[in-house]
Amino acid sequence: MLDALILASQQFLQPSVLLLMVVAVPIGLLFGVLPGVSGLTALAILIPVIYGMEPVHGLTFLLAAHAVVTTGGSVTSILLGIPGSTLNAATVMDGHPLSRQGKAGYAIGAALTASALGGVIGVIVLVVLLPFLQPIIEAFGSPEVFFLAVFGIVFIGALGEGQPLKGLMAGGLGVFLSTFGYQGTTGVPRFWLDSDYLLDGFRLVPIGLGLFAVPQIIALMSTGKPIASGGQNHDVSWAQVGEGIKTVVRRWRLLLGSSAIGTFVGIVPGVGGDTASFVSYGWAKQTSKNPDEFGKGAIAGVIAPEASNNAKEGGSLVPTLAFGIPGSVAMAMLFGAFLILGLEPGPYFLRDHMDIALGLAFVVAAANLIAAIMILPAVSHISLLTRVPGHVLGPLLLVLVVLGAYASANNPVDVLFVFVFGALGFVMTRLGFSRPALMLGFVLGSMIETYFEISLDAYGPWFVTRPISALLFVLILAGIAVPMARQMRRRKDHDHG
Amino acid sequence: MTIRFLPHLFTAILAATVLIALGNSAGAQSPDQYYEDKTVTFVVGFGPGGGYDTYTRLLAPYVGERLGATVVVKNQPGGRGMVALNQLVSGKPDGLTIMFAPGHFAAFAQLVGQEGARFDLAKLPWLARAVRANEIVFVSAKSPYRTIEDLANAKEPIKFSASQPAIILCRALHLNCKQIRGYRGSKQFVLAAIRGEIDAFTLAGSSARKAAEGGQIIPVFALGHQRSQYFKDTPTIFERGNLTAEQKWWFGLEDDVRNLGRAFVTTPGVAADRVAYLRRVFSQVLNDPDVIAAADKIKRPLSYLSGEEVEKTVGKVLSMDAERRRQVRDLLLSGRK
């Protein structure tokens, strides 16, 4: 291990590698800032660039760009209330209210620091776990993925912004929307209304853009007011940004916990990164002393999802490297890049190329730090966006949103559905239903159904008694019972007081 | 009056001449002139990054070079390639849209009358098959099975990751199988086999090669007539011998459909000379040693079959009698609720 570490530093601690990261990081950030355009698109566009590069250089370039996409996305989430990628949707809940209160610098400072440190922590956890990866992945079968997904669903109530019932209803609608198109296990299309588009069901990108961007654009254009008009006009100063950075360091336990959740979700193949930030958010809220502040601009609601978002990147490298089996679509593309560069991940990759694995982990960590260092000085300028009058900002955003929706799959129907879900999002914001809860329900709905059926087929009904499954089951029960107990106690205190 | 009429007549004649000349030139234009400086679209029915996408992007520049045309690749994901195929069927017959289609998947979809399949493969001009998967049956090292005999004598149901070849295999050999459905793509079921969640699965040799290195999944035999170039020691089911006529029919069907592989196809109604020209160009590209080497380098091996042969195989598969068709349909749809 030590040899590999030395070899890795020899290969990756070169000026040329660092320079490539400095080039790649702004590209990744840009993809993150653009709504609807995800890390996947970034990889697809960048892969042709690496032909002919040295393996170390090529992988550095791709991984650095990919690892920081969510960092860029956090900025749009906070400033504009539009998640730059669907992974940032959880950040909107508390990040955007802070912007409206004129505390954009504070929120962005915290988000960037959490992203950077989360990314680094994720990598450290990954490196520590490298020797034990195989047993970890082998322990996580379909039943465990199923329970993890259920675990995510439990947090839907917590996303309800103070109204758990409305959160549950929104989540239920999300689950319903996830049932459209091919059923996961039988391949029979449901509710497809004879339309080719619906064969695959609804897509995440139009849902995300529609729910979050369209209501925001409507508000901007109908009032004509800038985003930061609600509260007092704080100056977006360095002091504010510094306060954000300091807060993250002060809340180190929150940071560590969220990063651990992110890494864990990344490692388990099949759960998908979309869940990590929501689960962290829910966890942060449920363990908070003041859960009522969430949704109104609690800084913990920014730190938790952003830390876990970046932490999961380290985790999702694991199945790719350990088995040669990509953990996500993005990793599958990265896998293709390995082949182009003449490297082939497989069962022996970690044994034969531990240096490269460590080097890549280092790249992810360094890219996260570089990204934060690059954006932080510009935060005060970027935050001026919140002072732009709505009737100017609105149309600009509309153009970006339509472009982003189209670019995600080259499908004009996606653009149409941005507006369909936009109408839904508008109604939901008016009536106080949680949009992130809907998204989480949507993401987890089909996962729960599919993995439940696989578990049942492969293990029979007693899959619940597998050790890790049983543990997760207990945690889920606790996740439901503890907040209920706390609420009851508080109500009792209230009655007596 | 005559004088006023003359200019009109003159114009009319002129116009007619121009039109005839234009029509003639269009008719006389040879296919290689036609493609010169045109833009040809290669449609991929899947998202970026997967096998279909990688192959198409690999081949596009070579085909473009031979045609003298610009080839652009367009991803049109949806319905496992069927959405793009549905659109191709109603496309313009100008020969400028070419799809890299999942021939084997589409053939089964048409055979069983899958919802959403609105195409008739027999009516499409097939240009060439580029890729053929040599499907191999693997068992998990954590399963008690190692040989065909083990599988045939299994007391407990063999947990198979459901796929068309697996379903046909179980039926033909009368194996005691339990099809596990729901894995998204080969990566997931290979992992499931490594964990011991499933006992067996079928997968193209090229995709399984690396995962098999660690000994966690073990090849048992190859379906089809040819051994996989990556598993040369693994015998085929036909080599095993003593197959009944019925078994041969089922494995033959599997082999035929597998033969359609991933193939290039254009819109119906394209002029015959253009189709012939495109077939020639694809044959040159797919047999070009440089192209083959480039594909091997990224572990995406090519396997050419002429457009005529693909067409013949499509005809053979789709012309089975009604009774057989019913059997295939019942078998492949049996796991659905």
Side-chain angles (χ1 to χ4, degrees), chain A residues 40-41 43-45 47-48 134 137-143 181-189 192 194-200 269-270 319 323-327 329-336 339-340 342 344-349 409-411 449-455 457-459, chain B residues 47-51 53-54 57 74-80 82-87 109 114-118 142 159 161-162 178-192 194-199 209-217 297-300 332-333 335-337:
Chain A
L40 207 59
T41 327
L43 280 179
I45 292 175
I47 276 185
Q134 200 126 337
I137 296 187
E138 285 189 18
F140 275 85
S142 301
Y182 286 121
Q183 201 267 358
T185 50
T186 59
V188 178
W192 67 297
D194 223 36
S195 133
D196 278 2
Y197 180 83
L198 285 180
L199 274 178
D200 281 332
F323 293 100
I325 295 167
V329 190
M331 286 299 135
M333 298 187 68
L334 203 66
F335 189 85
L339 292 176
I340 291 171
E344 213 176 336
Y348 295 130
F349 188 83
N410 288 334
N411 194 340
E449 182 186 20
T450 303
Y451 284 99
F452 178 69
E453 288 202 21
I454 294 180
S455 303
D457 278 354
Y459 299 98
Chain B
D53 184 63
T54 311
R57 286 180 200 276
K74 185 174 154 199
N75 294 89
Q76 206 175 55
R80 298 165 208 169
M82 290 213 296
V83 170
L85 204 51
N86 283 342
Q87 295 210 358
Q114 173 109 23
E115 301 97 312
R118 295 188 237 268
K142 291 196 172 153
K159 287 184 268 183
S161 169
K178 181 174 176 71
Q179 305 284 346
I180 311 283
R181 291 161 198 278
Y183 294 108
R184 251 171 259 164
S186 58
K187 293 139 202 158
Q188 289 200 352
F189 58 72
V190 173
L191 257 184
I194 289 177
R195 290 188 199 117
E197 189 168 304
I198 53 172
D199 297 318
R209 173 184 44 100
K210 205 67 195 176
E213 245 176 32
Q216 290 163 311
I217 57 169
K297 198 188 154 216
I298 56 166
K299 313 291 177 204
R300 299 281 186 188
L332 291 181
L333 296 184
R336 294 176 157 200
K337 288 143 204 161

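These numbers come from a predicted model, not from an experiment. Letters A, B, ... are given to chains in the order of the sequence lines, protein chains preceding strands, and every chain is numbered from 1.
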TODO: Find the one option among B:R118, B:Q87, B:Q179 whose heavy-atom pairs under 4.5 Å with chain A are most numerous.
DONE: B:R118
Task: Leading residue by heavy atom contact count with chain A [cutoff under 4.5 Å; candidates B:K74, B:R80, B:R195] - done: B:R195
Would you give the length of the straight line joining atom [atom1] of [X] to atom [atom2] of [Y], rounded to the nearest 0.5 angstrom?
X: A:E138; Y: B:K142; atom1: CD; atom2: NZ; result: 3.5 Å
X: B:Q188; Y: A:Y451; atom1: CD; atom2: OH; result: 3.5 Å
X: B:L333; Y: A:T186; atom1: CG; atom2: OG1; result: 10.5 Å
X: B:E197; Y: A:F140; atom1: CD; atom2: CZ; result: 13.0 Å
X: A:D457; Y: B:R181; atom1: CG; atom2: CZ; result: 8.5 Å

Open item on the list: Report which part of B:K297 has an atom under 4.5 Å of a heavy atom belonging to chain A: side chain, backbone, both, or neither.
Closed with: both
Task: chain A contact via B:I298 - which portion, at a heavy-atom distance below 4.5 Å - done: both
- [ ] Among A:T185, A:T450, A:I454, find the one that has a side chain to side chain contact (heavy atoms under 4.5 Å, CB included) with B:Y183.
- [x] A:I454
Open item on the list: If I measure from the heavy atoms of chain B, does A:S142 come under 4.5 Å with its side chain, its backbone, both, or neither?
Closed with: both
TODO: Grab the two heavy atoms, one from A:L199 and one from B:E115, that are nearest each other, plus how far apart they are.
DONE: CD2-O, 4.5 Å
Task: Exercise: identify the closest heavy-atom pair between B:N86 and A:D196 - done: ND2-OD2, 3.2 Å
Task: Partner set under side-chain contact (heavy atoms from CB on, under 4.5 Å) for B:A84, not counting sequence neighbours - done: B:V43, B:Q76, B:M99
